[in-house]
There are 2 protein chains.
Amino acid sequence: MLNLRRPAGAYTSGNRVLDALPAGDRIDLIADLEVVNFAAHQVTHEVGAFLGHVNFPIDAVLSVVATLTNGDTVEVGTVGSEGFVETDAALHSSLANRTSFCQVRGMVGQMSMARFTSRMATSQTFAQLMRRNVRASLFSAQQFAACNVKHSVQERCARWLSMTADRVGGTEFILTHDLLAIMLGVRRSGVSEAAEALQRMGAISYRRGAVTVKNQKLLNDSACECYEACKHAFSSALRE
Amino acid sequence: MLNLRRPAGAYTSGNRVLDALPAGDRIDLIADLEVVNFAAHQVTHEVGAFLGHVNFPIDAVLSVVATLTNGDTVEVGTVGSEGFVETDAALHSSLANRTSFCQVRGMVGQMSMARFTSRMATSQTFAQLMRRNVRASLFSAQQFAACNVKHSVQERCARWLSMTADRVGGTEFILTHDLLAIMLGVRRSGVSEAAEALQRMGAISYRRGAVTVKNQKLLNDSACECYEACKHAFSSALRE
DNA sequence: GGGCTTCGGTACGCTTGCGTACGGAAGGAA
DNA sequence: TTCCTTCCGTACGCAAGCGTACCGAAGCCC
């Protein structure tokens with residue numbers, strides 16, 4: 001997953017945004033990135049907090065959530081190795097607009113805010129990549145807004161599982177129905193029913209606290225269009 | 001509304017983002033802005049379109065919508081004189097990620113993409129203001145995502161009407177129940193029922209095709225927290 | 001003024017999903 | 001092993017909102 005040095009200086013970090021940089025820009029990332037492990041449910045930063053560094057997921061999956069005054073929490077963004085969550089940093093702010101936390105445990109490459117800011121200022125390529133990613137995050141949040149009002153619980157479950165499966169390396173990952181329900185803003189038992197249906201059709205199987213994707217295509221097809229839309233938004237942010 | 005020149009060179013455009021610029025930066029806005037009138041329902045740009053210019057509303061209200069493959073359309077952002085809709089432009093892209101159109105007719109200050117880009121490059125103050133506004137737009141889209149899944153039709157109606165009332169100069173504006181229903185992603189008759197309730201309590205009154213805010217406080221109090229949250233996000237983007 | 005379109009009031013049965021609750025089972029802790 | 005917590009299956013009545021439909025009225029066009 002993490003390939004610290006290759007002969008031609010083609011350092012790859014494991015984060016696809018950083019790896020989309022031209023090889024020359026990537027070499028000195030070694031000095032800038034500290035690889036840390038995030039545990040599941042570990043909060044990366046609370047809303048309003050000072051952003052000390054920017055997190056570039058390698059095989060971890062991070063979630064951005066909006067917290068309502070009654071304590072309800074709804075997921076408004078998810079990021080894996082195709083991005084980073086600190087959109088505020090890329091918009092020259094060092095205060096977090098939203099809380100985010102680790103959804104699926106794994107490695108994250110951390111860049112200090114100072115290094116990040118300095119790279120933004122000195123490398124147009126870097127800055128442009130970050131901005132494209134912000135664009136994808138905005139698109140994705142907008143898509144979620146429409147999705148949440150137009151698509152069924154089952155479609156949204158499938159969407160979430162599809163998205164997460166893409167971001168996790170393997171086919172199995174840790175997840176309780178309860179947490180997924182909170183992310184989607186629905187009942188726990190609603191998720192249990194949807195998961196049951198997806199399992200019956202052979203798309204997934206699950207045991208206590210973990211999901212396995214059995215048939216990726218079936219799962220994707222059960223998801224609403226928002227899965228493909230967001231996937232496309234993030235992948236084109238890397239290539240464009 | 002539009003004050004073309006004042007003695008000390010304190011030109012004000014009527015758009016609060018532009019007017020938040022230091023007086024020195026504002027003077028030459030005269031050359032950069034063309035004030036045009038948008039008709040209700042006029043599309044400012046379709047998704048995927050080339051952005052020829054950036055629209056800074058003066059007394060018009062613009063909406064950003066996500067269009068689903070079945071043709072359903074849901075509002076994912078609204079902007080009045082406190083912002084601008086072309087977040088893509090501020091992120092150095094000249095392609096529109098979303099469709100946007102004029103919700104409430106009125107004046108808009110248009111800046112060509114070339115001028116906008118050049119200002120972004122030459123004035124850090126300008127660029128920073130634009131980025132702050134993008135941040136508010138992102139925050140707002142995220143809030144909508146949570147709102148759409150957690151709040152009732154009536155709360156969301158009140159939220160929308162409160163937001164729009166703030167953006168329109170006066171207390172009355174043109175609006176059909178049908179259009180509001182489309183924006184919120186709900187039934188037309190659902191909006192009619194909510195509007196009836198808001199009218200009964202004395203918050204608004206309406207006639208065929210138009211709404212009048214009778215009691216702003218009552219209306220705000222009927223709205224969900226998302227009204228205040230978004231209002232705060234956009235206003236702090238101007239001050240911070 | 002007459003005709004036609006658009007808009008809003010209202011109603012119907014129906015579906016989805018909510019809130020809640022209870023019990024069983026998995027699996028970690030002691 | 002036993003206990004205890006966490007997680008999931010399932011069920012119930014209920015509320016919100018959907019899809020649809022019909023009608024009358026407002027208001028525009030000719």
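Computed from a prediction, not measured in an experiment: that's the story for all the values here. Side chains are part of it too, since the values below use all heavy atoms of this structure and drop only hydrogens, waters and symmetry mates. Order of the sequence lines fixes the chain letters, A, B, ..., with proteins taken first and strands second; residue numbering starts at 1 for each chain.
- Look at B:Glu172 and B:Lys214 and you find no salt bridge, because none of the NZ, NE, NH1 or NH2 atoms lies under 4.0 Å from a carboxylate O.
- For the helix from C:dG1-D:dC30 to C:dA30-D:dT1, the rotation axes defined at the first and last 5 base pairs enclose an angle of 40°, given to the nearest 10°.
- A:Gln199 contributes no side-chain N or O that, together with a main-chain N or O of A:Glu196, makes up a donor-acceptor pair within less than 3.5 Å.
- Between B:Asp178 atom CG and C:dT6 atom C1' the separation is 10 Å, expressed in whole Å.
- On a pure distance criterion of 3.5 Å, no polar donor-acceptor pair joins the side chain of A:Arg187 and the base of C:dG17.
- Within the structure, every pair that satisfies the salt bridge (Lys or Arg N to Asp or Glu O under 4.0 Å) test and touches residues 60-76 of chain B, not counting sequence neighbours, is listed here: A:Lys150-B:Asp72.
- No donor-acceptor contact under 3.5 angstrom links the side chains of B:Ser137 and B:Thr87, judged on distance only.
- A donor-acceptor pair is defined here as one N or O able to donate and one able to accept, closer than 3.5 Å; such a pair exists between the side chain of B:Asp59 and the backbone of B:Met107.
- In this structure, B:Gly209 reaches the sugar-phosphate backbone alone: every heavy-atom distance under 4.0 Å involves primed, P, OP1 or OP2 atoms, never a base.
- The CD atom of B:Gln142 lies 13.5 Å from the SG atom of B:Cys147; values are rounded to the nearest 0.5 Å.
- The phosphate of C:dT6 has neither OP1 nor OP2 within less than 4.0 Å of any side-chain N or O from B:His177.
- If you check distances only, the side chain of A:Ser189 does reach the base of C:dT20 with a donor-acceptor pair under 3.5 Å.
- Side-chain contact check for A:His45 and A:Thr99: no donor-acceptor pair (N or O, by modelled atom type) lies under 3.5 Å.
- Judged by distance alone, with hydrogens and angles left aside, the side-chain atoms of B:Gln103 form no donor-acceptor pair with the main-chain N or O of B:Thr78 at under 3.5 Å.
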Go along nucleotides 23-30 of chain C 5' to 3' and tag each nucleotide: B for a protein heavy atom under 4.0 Å from its base, S when only backbone or sugar atoms are that close, - otherwise. --BBS---
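- Judged as a side chain to side chain donor-acceptor pair (under 3.5 Å), the pairs with a partner in residues 174-186 of chain A (not counting sequence neighbours) are, in order, A:His177-A:Ser192.
- Looking at heavy atoms from C-beta onward, A:Arg135 lies in side-chain contact with B:Asp88 at the 4.5 angstrom threshold.
- Of the residues in residues 141-153 of chain B, those placing a heavy atom less than 4.0 Å from an atom of DNA chain D are B:Ser152, B:Val153, in numerical order.
- Read 5' to 3', the first and last nucleotides of DNA chain D with an atom closer than 4.0 Å to a heavy atom of chain A are D:dT6 to D:dA11.
- For the pair A:Thr12 (side chain) and A:Gly14 (backbone), a donor-acceptor distance under 3.5 Å is absent.
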